[in-house]
There are 2 protein chains.
Amino acid sequence: MKQFPKAKERILSTASRLFYEQGFQATGINQIIEEAGIAKASLYQHFKSKDDLLLEYLTISDSKWFEHLKAFLPAKADGRAAILGLFDYRKKIALAGDSKGCAFIRVAYELPLLTHDALKIIQSHKSKLKNFIRSNIRILDNHAPKDAEELTELILNLYEGCGIQSTLLRSVEPIIGAKKIAKKLLN
Amino acid sequence: MKQFPKAKERILSTASRLFYEQGFQATGINQIIEEAGIAKASLYQHFKSKDDLLLEYLTISDSKWFEHLKAFLPAKADGRAAILGLFDYRKKIALAGDSKGCAFIRVAYELPLLTHDALKIIQSHKSKLKNFIRSNIRILDNHAPKDAEELTELILNLYEGCGIQSTLLRSVEPIIGAKKIAKKLLN
DNA sequence: GTCTATATATTGATAGAC
DNA sequence: GTCTATCAATATATAGAC
């Protein structure tokens, strides 16, 4: 029988939590092993380096984010409802006590000299987000493809912009306001 | 006769450059003094701590940002031209070789447990930016105040959103696209 | 696989001479 | 005000016993 939770999983979940709450650089290996309750050598048994831990953190955060979005949205939400649900999703996360904004933006802005691998994961995540918006715009849009693409960019920027405002102001108001605007844009 | 540049100024400009290029935590006191060409004790003669250096960096960046914007915009630009100029300003900065995105967002996202003072400077900066947009919207807007405020938020989110996209993708295309959209919104 | 103990480098900050 | 020398703490990472 396998232990639950296994050491590797405990390390990864602890590191993920700390990376998000404090930032990557502000989180030391020592704090991770202490809070995970394992020895330092055990961490390096499972992860090559701290950077390796970051890659796994980003990979898992990416898949979890979309899983949770899917679980959050009403089963048959598509088109307009799906896009508006995206703002509700952001609002829900922002309201969850200790939100620090988008985890991927956090890492990208903290580490301007990011490794190629880490940046690729982040860009891939945001690309999938844009695809999500685009495909739902196309469902409802009866305009030319060019207009649909422009609306996609507008909604995406509105979404990212309100996330920034919300994080800097420590308030959900920018998200609420952005959703109202999105509602009109999608009429 | 005073030296030029004085030690304090050399420290601050070196620290500012490194904070922006590498991030705050990734920049050590040792690197700052080495590149500034002064002794460590001299740094602590002028600045109480590294956090103190951060506060001065943010304060100066704030005022310089608006100075440079003013200098960048055509003398009589107001209303529509001023807002579109804002996107050109962002584009110009993004094209300047080593751009790492908005300095204030960088700090806020890197340091989620920011001191009250630092966060206040950042929020103040973004508040001034919103005021800039709002006042220029009001010049051209003949709608109700409520609509003007909504348009202000939309433009602000569009501006911040394209900054994020541009930084993550290492491309100016999101800024160019956002300006096109802004142009239509302001018609 | 997990542990203790250690290695080496670097961190932010200070004491005290000049 | 500027310097050299040094501080204690912490960083990431590894060696080797069990």
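Note: hydrogens, waters and symmetry copies are ignored here, and every other heavy atom, side chains too, is used. Computed from a predicted structure; not experimentally measured. Quick note on labels: first sequence line is chain A, next is B, and so on, each numbered from 1.
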Between atom [atom1] in [X] and atom [atom2] in [N], what is the gap in whole Å?
X	N	atom1	atom2	value
Gln25(A)	dG12(C)	CD	C1'	15 Å
Glu34(B)	dT2(D)	CD	C1'	18 Å
Ile33(A)	dA13(D)	CD1	C1'	11 Å
Lys40(A)	dA7(C)	NZ	C1'	11 Å
Phe47(B)	dT2(D)	CZ	C1'	15 Å
Gln31(A)	dT12(D)	CD	P	10 Å
Leu18(B)	dT11(C)	CG	P	12 Å
Ile29(A)	dA13(D)	CD1	C1'	9 Å

Do any side-chain nitrogens or oxygens of Tyr44(A) fall under 4.0 Å of OP1 or OP2 in dA13(D)?
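Yes, within the criterion.
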
Can you check whether Ser42(A) has a side-chain N or O nearer than 4.0 Å to OP1 or OP2 of dC3(C)?
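Affirmative; the distance criterion is met.
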
When you compare the side chains of Thr14(B) and Glu35(B), does any donor N or O come within less than 3.5 Å of an acceptor on the partner?
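On atom types as modelled, these side chains do not qualify, holding no pair under 3.5 Å.
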
Is the shortest distance from a Lys or Arg side-chain nitrogen in Glu153(A) or Lys180(B) to a carboxylate oxygen in the other one below 4.0 Å?
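Not counted as a salt bridge, because no side-chain N and carboxylate O are separated by less than 4.0 Å.
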
So, Glu149(B) and Arg134(B), do they make that salt bridge, N to O below 4.0 Å?
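So Glu149(B) pairs with Arg134(B) through a salt bridge.
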
Determine yes or no for a side-chain-to-main-chain donor-acceptor pair under 3.5 angstrom, with Gln123(A) supplying the side chain and Leu168(B) the backbone.
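Such a contact is found between Gln123(A) side chain and Leu168(B) backbone.
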
Hey, which sits more toward the 5' end of DNA chain D by its nearest nucleotide, Ile38(B) or Phe24(A)?
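Nearer the 5' end of the strand: Ile38(B).
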
Given [options], which nucleotide is nearest the side-chain atoms of [X]?
X	options	answer
Asn30(A)	dT4(C), dG12(C), dA11(D)	dA11(D)
Gln45(A)	dT4(C), dG1(C), dA13(D)	dG1(C)
His46(A)	dG12(C), dT2(C), dT12(D)	dT2(C)

Report the relative orientation of the aromatic rings in Trp65(A) and Tyr89(A); use parallel for angles under 30°, tilted for 30 to 60°, perpendicular for over 60°.
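If you compare the ring of Trp65(A) with that of Tyr89(A), the planes turn out perpendicular.
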
